[in-house]
Amino acid sequence: MTILNILNYPDPRLHNIAAPVKKVTEEHKKLIKDMAETMYSAPGIGLAATQVNQHIQIIVIDISENKDSLLVLINPKIIDKRGEQFCEEGCLSVPGVYEKVQRSECIKIQALDNCGNLLKLEADGLLSVCIQHEMDHLLGKVFVEYLSPLKKSRIKSKMIKLSKRKDTT
Ligand code: NI
């Protein structure tokens with residue numbers, strides 16, 4: 001397995017729109033394994049293929065304490081949603097930034113699992129937030145885009161400074 005490089009905001013490639021997966025291949029399965037490994041080692045609770053510069057609709061999530069409940073969602077679609085919640089979010093592409101974002105409280109989704117089988121799932125709380133956050137990545141949207149222009153530009157300059165520091169060390 002390989003730890004993949006995670007794109008950092010404001011990398012323009014984070015705004016690419018991911019294409020649906022037509023058929024789950026061995027190549028996709030390898031990518032899923034690498035994405036899971038990358039997420040666990042970060043450590044994080046969710047990762048979208050967009051974040052590792054693969055612009056296809058694949059998400060991995062694990063919100064369990066023991067990191068033993070990997071959820072793989074391919075071509076996820078929200079088929080129902082209700083309520084609202086306001087939760088603090090972070091993102092592996094925006095390290096060190098945590099901000100509150102408004103999301104649906106409860107969602108019903110449909111997706112393919114890593115074998116290509118149809119999967120339906122209802123989620124609320126943290127899992128619901130996490131799925132909505134990762135699905136946004138597939139649409140080229142990073143969570144900081146929900147914040148005020150001022151906050152957004154502060155985060156952007158902070159991230160640019162951070163990446164310059166990384167380049168020189
Ligand atoms: Ni994220």
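Order of listing sets the numbers, starting from 1, for every ligand and every atom in it. Just so you know, these numbers use all the heavy atoms, side chains as well, and skip hydrogens, waters and symmetry mates.
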(Q) Taking atom NZ as the centre, does K141 end up with more than 12 heavy-atom neighbours from other residues, nucleotides or ligands that are less than 6.0 angstrom away? (A) yes
Q: Specify whether F143 and H133 have parallel, tilted or perpendicular ring planes, treating 30° as the upper limit for parallel and 60° as the lower limit for perpendicular.
A: tilted
Q. Under 6.0 Å from the NZ atom of K67, do we count more than 12 heavy atoms belonging to anything else shown?
A. yes
Q) Does CD belonging to E27 count more than 12 external heavy atoms closer than 6.0 Å? A) no
Q: May I ask you to list the residues sharing a hydrophobic cluster with I107, side-chain cutoff 4.5 Å, ordered by chain and number?
A: I45, I59, I61, I63, L71, L73, I78, I109, L119, L121, L126, L127, I131, M135, L138
**Q.** If only protein N, O or S atoms under 2.8 Å count, total around the Ni ion (ligand 1)
**A.** 3
Q. Ignoring hydrogens and geometry, is there a side-chain-to-backbone donor-acceptor pair from D62 to S69 under 3.5 Å?
A. yes
